[in-house]
Protein chains: 2
Amino acid sequence: MKMSGGVEWALHCAFALTAADRPVPAARLAELHDVSPTYLAKQLQALARAGLIHAVQGHAGGYALSRPPSEITVLDVVEAIDGRSPAFTCTDIRTRGPMPASPEACRTPCAIHQAMIAADDAWRASLRSVTIADLASGVTAQHGPGILTGIRGWLGAEGTARGV
Amino acid sequence: MKMSGGVEWALHCAFALTAADRPVPAARLAELHDVSPTYLAKQLQALARAGLIHAVQGHAGGYALSRPPSEITVLDVVEAIDGRSPAFTCTDIRTRGPMPASPEACRTPCAIHQAMIAADDAWRASLRSVTIADLASGVTAQHGPGILTGIRGWLGAEGTARGV
DNA sequence: CTCAACTCGGATATTCTTTGTCCGGGACAC
DNA sequence: GTGTCCCGGACAAAGAATATCCGAGTTGAG
């Protein structure tokens with residue numbers, strides 16, 4: 001029961017893109033968070049494949065959010081990185097062994113599977129109720145409004161990349 | 001985001017032990033579910049370590065539930081097998097990079113971490129609301145009351161182990 | 001129009017956890 | 001005593017997660 005570590009990176013990047021007003025290269029996002037640039041690129045590609053962000057190629061290219069932050073839920077990001085399949089996979093044990101269950105009684109998932117589905121739904125519902133915009137407002141409430149403009153400025157700065 | 005496959009086995013075993021009226025050897029539980037005996041033994045040891053079931057050694061030994069099924073929740077079993085640590089681990093990215101967050105503002109978990117904690121709580125609460133007894137009643141509602149006595153009889157039978 | 005620089009994108013190694021197995025030791029009932 | 005059963009750890013194999021590279025495409029400037 002462990003979620004991919006890239007989810008944290010992806011969520012932080014989504015928040016950073018909220019502050020940006022122009023496309024941001026993957027390498028700059030990696031530098032902002034001090035993580036592996038190549039691996040972060042992989043996560044961003046997954047986000048792009050899911051349609052949450054879109055890539056702008058070329059000289060002044062980079063990544064930008066495809067929708068307003070209030071329409072991107074945390075669940076969207078989690079599912080884009082970690083996959084959409086539920087954590088619990090039912091092997092249908094009841095149909096095997098010396099006392100197999102009758103196939104017609106197995107039209108509905110077994111009680112164990114039902115409990116797992118309910119828990120998974122509750123988990124997803126909780127993540128769906130929080131949007132990236134909510135995260136942004138939570139961060140500003142915690143660190144003050146200056147953090148957003150600070151990130152925006154740093155992302156837009158030109159020569160900061162290799163500066164000491 | 002994948003849960004250990006042994007959780008399914010453990011839950012099925014817990015249900016089977018509900019039907020049993022005497023200790024059941026691990027090998028018999030493995031045969032009932034047609035799974036690897038040695039690996040199932042590992043999961044049962046974890047359940048015993050968590051205090052959910054207790055082992056009876058010796059000739060007529062085996063495993064039996066330590067509490068009434070109505071006092072064992074699905075969450076207990078899941079945590080015994082899959083671990084009690086939450087799926088999401090916060091690396092505190094905000095404290096790294098060229099724009100580190102002030103340490104005194106990080107006394108409370110970041111907004112992302114908070115959302116994950118809330119989802120994890122919802123997930124656990126859902127699993128905690130279902131007991132093994134609930135599973136048993138669900139199974140009888142689905143497969144009829146005969147399934148319980150059938151399992152009880154098969155578990156108690158002597159020479160069924162290797163018979164063709 | 002040419003060029004060059006910059007960007008993403010997918011295919012590729014490496015590490016690590018999970019899964020699955022095995023064997024010796026100890027305890028209980030018969 | 002003897003056979004059966006559980007316990008605990010050590011051990012090998014499989015799979016996924018992690019981390020990295022180089023090529024394709026696009027843009028903007030000259």
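Here is the naming used below: chain letters follow the sequence lines, and residue numbers restart at 1 for every chain.
Spacing between atom NE2 of A:His54 and atom P of D:dT27 amounts to 13 Å, rounded to whole angstrom units. For the pair A:Trp9 CH2 and D:dA17 C1', the computed distance is 11 Å after rounding to whole Å. Atoms CZ (B:Arg28) and P (D:dC6) sit 11 Å apart, rounded to a whole Å. At whole-Å resolution of the value, CE in A:Met3 and P in D:dA17 are 12 Å apart. C:dA4 atom C1' lies 9 Å from atom NE2 of A:His59, rounded to whole Å. Atom CD of A:Gln45 is separated from atom C1' of C:dA11 by 11 Å (rounded to the nearest Å). Distance CD (B:Glu8) to C1' (C:dT19): 15 Å, rounded to an integer number of Å. In this structure, A:Ile81 places its CD1 atom 10 Å from P of D:dT18, rounding to the nearest Å.
In terms of position on DNA chain D, the residue among A:Tyr39 and A:Val56 whose nearest nucleotide sits closer to the 5' end is A:Tyr39. Positionally, the nearest nucleotide of DNA chain D for B:Gly58 lies more toward the 5' end than for the other of A:Ala60 and B:Gly58. Heavy-atom nearest nucleotides on DNA chain C were determined for A:Met1 and for A:Gly62, and the one closer to the 5' end corresponds to A:Gly62. Checking A:Lys2 against A:Gly61, the closest nucleotide of DNA chain C that is more toward the 5' end is the one next to A:Gly61.
Nearest heavy-atom pair across B:Pro98 and A:Leu32 is CD-O, 3.4 Å. Between A:Ala19 and A:Arg152, the shortest heavy-atom distance links the atoms O-NH1, 2.9 Å.
Picking from C:dT19, D:dG8, D:dC6 the nucleotide with the shortest atom distance to the side chain of B:Gln57 gives D:dC6. Comparing C:dG9, D:dA19, D:dC6 by their closest approach to the side chain of A:Thr38 singles out D:dA19. When each of D:dT20, C:dC8, C:dG20 is scored by its nearest atom to the side-chain atoms of A:Lys42, the top-ranked nucleotide is D:dT20.
Residue contacts for B:Gly6: at a heavy-atom cut-off of 4.0 Å it reaches no nucleic acid atom on any strand shown. Contacts of B:Ala41 with the nucleic acid, taken as non-hydrogen atoms under 4.0 Å apart, are absent.
Few gaps surround CZ on A:Arg96; more than 12 heavy atoms of other groups in view lie less than 6.0 Å from it.
A:Asp134 and A:Ser137 are not linked by any side-chain donor-acceptor pair at a separation below 3.5 angstrom, with hydrogens and angles left out of the test.
Proximity of A:Ser36 to the phosphate of D:dT18: no side-chain N or O atom is located under 4.0 Å from OP1 or OP2. One finds a side-chain N or O of A:Arg49 lying less than 4.0 angstrom from the OP1 or OP2 phosphate oxygen of C:dG10.
A donor-acceptor contact shorter than 3.5 Å is absent between the side chain of A:Arg94 and the backbone of B:His12.
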